[in-house]
Amino acid sequence: MAQLYFLHALGASAREWDEVITGLGDLGDCVALDLPGFGDSADAVLDVAGLVDWFAQQVSARQPQSWAVIGHSMGGKIATLAAARARDGDPDFAGLAAVVLLAASPPAPEPMKEKRRAEMIGWFADGRIGTDEAAMFVDANTARRLPEPLRAQAIADVERSGRRAWTGWLERDSREDWQAAAGTLSVPALIVAGGEDGDLGEDAQRRLNLPHYRDARVEVVAGAAHLLPYERPSAVAALIRDHVTPAFARALPAPFVALLASDRVSRRTRAVLTERHAAPPPGKVLSPQQRAVLAALVETVLPGAADPVDLAARIDAMLTGGIGDGWRSAELPADAEGWTSGLDTLDRLARGFADAAPADRERCLRSIADGTGDTKGGDLDPRQMRLWFAEARAEIARQWMALPATMARIGYDGFAVGGDGPHKQGYRLTPADTIEDWQRLEARA
Amino acid sequence: MSGAADMADVVIVGSGAGGAPLAARLAEAGVSVVVLEAGRAFRPDDHVPDELAADIYWMEERLSGGADATAFGANNSGMGVGGSTLHWGAFCPRPDARDLRLRSESGQGEDWPIAHDELIGYVDAVERFIGVSGPARYPWDAGRRYELPPVARNAPADAMARGCAALGIVATDAPAALISRDRAQPHWGERKACVNCGTCHQGCRTAAKATTDTSWLPLAVAHGAEVRAECRVIDIERDGSGRVSGVVYVRRGERRRLACRTLFLCAGGVETPRLLLNLDLANSSGQVGRNFMAHVATQVWGRFDADMRMNRGYPSSLITENMMRAADADHAGGYLIQSLGVMPVTLATNLARGAGLWGRALVDLLDDYNRLGGIGINGDCLPSDDNRLTLADETDAYGLRKARIDFSYGPNERAIDVHARKTMTAIWEAAGARDIFAVDRSAHTIGTCRMGDDGDRAVVDADGRSFDIENLFICDNSVFPSALAANPALTIMALSLRTADRFLATRG
């Protein structure tokens, strides 16, 4: 079953998620964690790297094969850096399908007024946070006073914060700059801001978190400040559900992820396949109409197999990146122009290829392949169209075949032939009708 | 521009099969050598067993024309310290004596200006140095011995053995330049035995496969040679008398100059002639770029009832040389047949392009990947005036014009293709394959700066020395006068050692 990991804010505990989790129903197995030094966990001195390591242990101990992380405030910084390590092929984080950030602290130093930082650190001057100080903290971070017993619970959690964990975050961790390590992430992300939040409101989210995520949207929850899970639990639950459900639906099969996470796979290979499974970067070469024609072409070349819209986006991204396959037909224009001309000519030839019936599309492609299609008025002549169609279907097949989801579909495990250790496992058995235990993917589920 | 004092006796451009053995032998002889390589250096562990992510290919764009336009990129072109040996299939048949005398034998093609016996002496030296696995007895060459026992056969190899046996065609374990036992490689370390991972073309992660960066180059470096990675040569300088005086290269955006007494171009059958044509050098014969050849590399595929999983194991683990001179041949020369293990992306591309498939037929085949098996050929290709490398109007990032390669099969290549389809279809039928079909494909980049005895018909002499510029040599597959049926790398390495010996014997 898919899992959701919840990382709470400074001074909170796993309990801050109680109502959110109730609102999620059977979306997945919800694992709300007490960060070190908070809730029921013992006080600890951990820098940001230490917190991410701690989270890695939590996740790998449970071995989820498809999972999401929901990080609130301080927990958001951990969530983003976990996603970065998943991107870089860390086996502990394999299978991450989605990220949700709530009023999240960014990889960059968290914007915080120094006076306020000093004041909050000062609360521990006498050894522990007083109830008044805890109440001030909770009330200052909510748009309006929380109902009881939630407010009392929130205050009690602040009070039981470990001194070293509390001051460690404020003095050090929140100031650590992890922007370079976070880089650009392709995992789908939902970035939520409280409409009445201060330093970590919408502006900060757009400025400091959004640039790290290629495939992200920002949502603002009205009537809430910083303690979103307490303030608007059902709205937060609905946002999480809407974001995570499609991400889980397109997750790789659990046994495939387990193999990907195993020591038979190198970090670099895991990173490559993780990245490729995500949505491609935005393409800028094709017009919406050309995209539609390309999607229809994908549907005709690989019927019932490839996701036409996704594959068209991948080819647009490939054209935008300018990285081809090392050659092109001398009779075709440069790749980007070749594709736009080919798609336009195809559309013209079929008098609307995207909307044509499958049989008409097929007839049209057949006429291109045998050179009988009348391309008059099009950018490419019949011979060029024949060459372009050969190139197009090869590229479509290439992009689709390289997808981890396709590997899982055809039962291919050739990426799992050796990890980063000195001994590469390879295959022990090579004859027909022999198979090794690790290859029985269905049995690993 | 910096490094005005930078100087070497010999500069070698390219670190693959053509440049590396030469670098080692010259360095051993006390010559100061600098190897310039356009790509970066890898450790075996850096390679990634993924067809799109493997970054060992020359992916800068080339334009391909003609009726049988050949594919470049991952199909045949390497980049990195090790050159194309980083991705080569390590399929290692020896050049056939008859192929070197094809014109004398058939009246077609060209004879090589080097005697087969002499070349085989060097082949033997290469095999002993890099380590080759093969059968205990080689059916077509009774005296031949391989150092190491063969690597494991895979499912397509077993199928091909079955089919060949049924038809009375002799087949055996292929000679493969990878080691079936751990083996100490001088000046590099212990190369680990092949683990049957099947990813030779994406880069060997155990160093079982012979590549120049784990063999010849460490030997060269141990004798004082220097290998400079990420150095793209963009110009060749000459003195007042027309002799080469140095090269200009770009490293990470910085232009540098390196003076030399002798220059060896070993950049392969595309980049070597492209550089010469861009600089208008060594081409009084007009032969630079001419006679581009690619092996006829037709494949035949079919479905099996068995679970084949052909990505496992050394991809080309079975060979037959029976078709080198088939009794019923209507063509000059011949071809080798090998079993195939092809990775999914390469297969998908070849089925879509080379077999002209799309729609349900394509999806069904790709879904059946684990039950497919193939065999393929490496067939001789005659030099032809119609097939040549020229310069396109488009330029690359260095301002050099891109290569345009026009290639069309002639009657002899067509005849080989037809004969091979028939033979392979029969083998596959006998092996129990269903839904058999063929894929058009050509492979390797050969010719374009051919060697010969006549400076009007060739770019370099038999020693690899330019007829025009006395201190310019070429040593790679561009000097091949004819393609030979054998895959080229072993022959290139042998030529490389010979070129070194000839240089040492004849230098002033």
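Note on naming: letters A, B, ... go to the chains in the order of the sequence lines (proteins, then strands), and numbering restarts at 1 for each one. Everything quoted here is computed from the prediction, not taken from an experiment.
Contact of Met343(B) with chain A is made through the side chain alone, with heavy-atom distances under 4.5 Å. At a 4.5 Å heavy-atom cutoff, Leu347(B) makes no contact with chain A through either its backbone or its side chain. Interface residue Ser64(B): backbone and side-chain heavy atoms are both found under 4.5 Å from chain A. Looking at Ser77(B), there are no atoms closer than 4.5 Å to chain A (heavy atoms on both sides), in backbone or side chain. Both the backbone and the side chain of Phe72(B) come within less than 4.5 Å of a heavy atom in chain A. Interface remark: Asp158(B) contributes side-chain atoms only to the contact with chain A (heavy atom separation under 4.5 Å). At a 4.5 Å heavy-atom cutoff, the contact between Ala402(A) and chain B is made by backbone and side-chain atoms alike. Only the side chain of Leu362(B) comes within contact range of chain A, with at least one heavy atom under 4.5 Å from a heavy atom of that chain. Neither the backbone nor the side chain of Ile396(A) has a heavy atom closer than 4.5 Å to any heavy atom of chain B. At a 4.5 Å heavy-atom cutoff, the contact between Glu394(B) and chain A is made by side-chain atoms alone. Within the 4.5 angstrom heavy-atom criterion, atoms from both the backbone and the side chain of Asn154(B) approach chain A. Only the backbone of Glu60(B) comes within contact range of chain A, with heavy atoms under 4.5 Å apart.
Contact tally against chain B (heavy-atom pairs below 4.5 Å) for Arg398(A), Arg328(A), Arg428(A), Glu299(A): the top residue is Arg328(A). With respect to chain A, the highest number of heavy-atom pairs below 4.5 Å among Ala403(B), Cys197(B), Gly73(B) belongs to Cys197(B). Chain A forms the most heavy-atom pairs under 4.5 Å with one residue out of Ala155(B), Ser317(B), Ala348(B), Pro344(B), and that residue is Pro344(B). For the set Lys192(B), Arg153(B), Glu51(B), Met310(B), the entry with the most heavy-atom pairs within less than 4.5 Å of chain A is Arg153(B). Counting heavy-atom pairs under 4.5 Å between each of Leu387(A), Thr406(A), Val272(A) and chain B puts Val272(A) at the top. Counting heavy-atom pairs under 4.5 Å between each of Glu362(A), Met407(A), Arg393(A), Arg276(A) and chain B puts Arg393(A) at the top. Of the residues considered (Gly313(B), Pro49(B), Gly65(B)), Pro49(B) shows the highest number of contacts with chain A, using heavy-atom pairs under 4.5 Å.
To the nearest 0.5 angstrom, Trp358(B) atom CH2 is 3.5 Å from Arg366(A) atom CZ. Atom CG of Asn311(B) sits about 6.5 Å away from atom CG of Asp413(A), to the nearest 0.5 Å. The line from CH2 of Trp327(A) to CG of Asn76(B) is 10.0 Å long, rounded to the nearest 0.5 Å. In this structure, CD on Glu391(A) lies 5.0 Å from CZ on Arg353(B), to the nearest 0.5 angstrom. Within the model, atoms CZ of Arg309(B) and CD1 of Ile410(A) stand 9.5 Å from one another, a figure rounded to the nearest 0.5 Å. To the nearest 0.5 Å, atom CE of residue Met308(B) and atom OG1 of residue Thr434(A) are 11.0 Å apart.
In this structure, Asp420(A) and Arg205(B) have side chains that are in contact, with non-hydrogen atoms separated by less than 4.5 Å. Met401(A) places none of its side-chain heavy atoms less than 4.5 Å from the side chain of Thr349(B). You'll find the side chain of Asp50(B) stays beyond 4.5 Å of the side chain of Arg268(A), heavy atoms only.
Taking a cutoff of 4.0 Å between a charged side-chain nitrogen and a carboxylate oxygen, Glu436(A) and Arg312(B) do not qualify as a salt bridge. Using a 4.0 Å cut-off between charged side-chain N and carboxylate O, Asp45(B) and Lys424(A) make a salt bridge.
Taking all atoms of both residues into account, the shortest heavy-atom contact from Ala432(A) to Ala306(B) is CB-CB, 3.9 Å. Pairing each heavy atom of Pro303(A) with each of Arg360(B), the nearest pair is O-NH1, 3.3 Å. Taking each heavy atom of Ala397(A) and Ala352(B) in turn, the nearest pair found is CB-CB, 4.0 Å. Counting all heavy atoms, side chain and backbone alike, Thr430(A) lies closest to Ala152(B) at OG1-CB, 3.9 Å.
Here the side chain of Arg409(A) pairs no donor or acceptor atom with the backbone of Asp367(B) at under 3.5 angstrom. Asn196(B) places a side-chain N or O within 3.5 Å of a backbone atom of Tyr427(A) that can act as its donor or acceptor partner.
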